[in-house]
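To start, the structure under review is shown below, and the notes come after it.
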2 protein chains.
Amino acid sequence: MAMDRDQVLRDAAALLSRKSTATMDEVARAAGIGRATLHRHFAGRDALVRALEDLGIREFEVAFDNARLDEGTAVEALRRLVAEAEPNAELLAFLVTENQLFEGDEVNEGWARLDARVIALFRRGQEEGDIRIDLSPAWLTEALYGLIGSCAWAVVDGRVAAKDFQYMIIELLLGGVRRSVEK
Amino acid sequence: MAMDRDQVLRDAAALLSRKSTATMDEVARAAGIGRATLHRHFAGRDALVRALEDLGIREFEVAFDNARLDEGTAVEALRRLVAEAEPNAELLAFLVTENQLFEGDEVNEGWARLDARVIALFRRGQEEGDIRIDLSPAWLTEALYGLIGSCAWAVVDGRVAAKDFQYMIIELLLGGVRRSVEK
DNA sequence: CCCGAATGAGACACCCACGTCTCATTCCTG
DNA sequence: CAGGAATGAGACGTGGGTGTCTCATTCGGG
């Protein structure tokens, strides 16, 4: 039964996150199905990537919901956000680099929705005095994505321990590298 | 005459940094030469990417030299480093994502040399008390690359003003997003 | 148990980019 | 100015991945 289109998608995500040039045949094999069946689910490679994009956006919308970005201070929300994002960090890294390719061809509007939520979070933090105002929310959003992606790769490559994922990102993002003088 | 093999390389870098899937034909056109001539300079696409890798490594080694990573405090050196890296930020972004593809096939050892220098810088900062010790130098190095790459993309996409490049990276990296309480 | 739907394996043609080659033209040098 | 080297344009064959199709097999529901 066509039950596990979603499972196929997740297997594809797992593979493509690590090897973005994987063949349709490799994707099919990774998902434990035949190439023909893969094509029955997704018209072509492009459609597969788009579906992956949708999956990623869905996942992150759920993650954002779970992180309750509106509750507590922005800093607290940010901590929750990173924690919720961790399971899909690799997928994010894949999609971000993949998106560089979609030159003009209408980018999925889901990204704009997600961006808006993160930007709003940073802006709220700025208004409440928790976050510095000399760094634009748009840049902070980009930087957040970048750090999550970088850390995901670093974990895959063994340069960062998986258990340190959240700590490394959050601590760097919140406090920077400089050692506080007065603390 | 084969005068501008280096110029060809830079044109290729400029194009491939933005469109990593560009055709050899597009690369040639971007460099203002014929595809045949391009092949006379670089045996194939692979050789081109390798040459680009060498170029990037060379550029960054020069940048690191100019940044005088051993002088002054680590924080000062970091500022100089980001400033020196700016002209080649896009190239770095391209090479970093491209490197994800070179699965096992011996990665250029130049990266290890560069990494070692940055890691040494962070370690020096930690020993001198300027940089916090709860974030590993390896991660800080990855994060630095990630932020440079992210900011380069953000500039290309118009989400960050080019003139803010250094400031955005350095300020975020040094101080984080949190607004100092006592400042 | 039987029948239909879904699947896997493979064959097949297609397309695009690659790499090679040729040839006329341009450019530099002597 | 003449000759040789380098170049650009294009033709050509090739390979690898894609997308479609067929057919035998398996699976699941009636």
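Numbered from 1 within each chain, the chains take letters A, B, ... in sequence-line order.
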* Measure from NE2 on A:H39 to P on C:dC12 and round the result to the nearest Å. => 18 Å
* To do: Check A:E171, A:R79, A:E86 against A:Q166 for a side chain to side chain donor-acceptor pair (under 3.5 Å) and give me the one that passes.
  => A:E86
* Structure fact -> Whole-Å distance, A:L38 CG to D:dG17 C1', equals 13 Å
* Structure fact -> Of A:R35 and A:R40, the one whose closest nucleotide on DNA chain D sits nearer the 5' end is A:R35
* Quick one: do B:V156 and B:L91 end up in the same hydrophobic cluster if we chain Ile, Leu, Val, Met, Phe, Trp and Tyr together by side-chain heavy atoms under 4.5 Å apart? -> no
* Provide, to the nearest angstrom, the distance between the NE2 atom belonging to A:H41 and the C1' atom belonging to D:dG19. => 16 Å
* To do: Indicate the atoms forming the closest heavy-atom contact of A:L147 with B:W139, along with that distance.
  => O-CH2, 3.8 Å
* **Whole-Å distance separating the CZ atom of A:F42 from the P atom of D:dT20** => 15 Å
* **Whichever of B:D25 and A:T37 has its nearest DNA chain C nucleotide further upstream toward 5'** => A:T37
* Structure fact -> Whichever of A:M24 and B:R29 has the more 5' nearest nucleotide on DNA chain D, that residue is B:R29
* Structure fact -> A:A36 has its side chain closest, among C:dC21, C:dA17, D:dC21, to D:dC21
* Structure fact -> Separation of D:dC27 atom P from A:I33 atom CD1, nearest Å, is 16 Å
* Asked: Checking B:R10 side chain against B:A31 main chain: does a donor-acceptor pair fall under 3.5 Å?
  -> no
* Which is true for B:R45 with a 4.0 Å heavy-atom rule: it touches a base, it touches only sugar-phosphate, or it touches nothing? -> sugar-phosphate
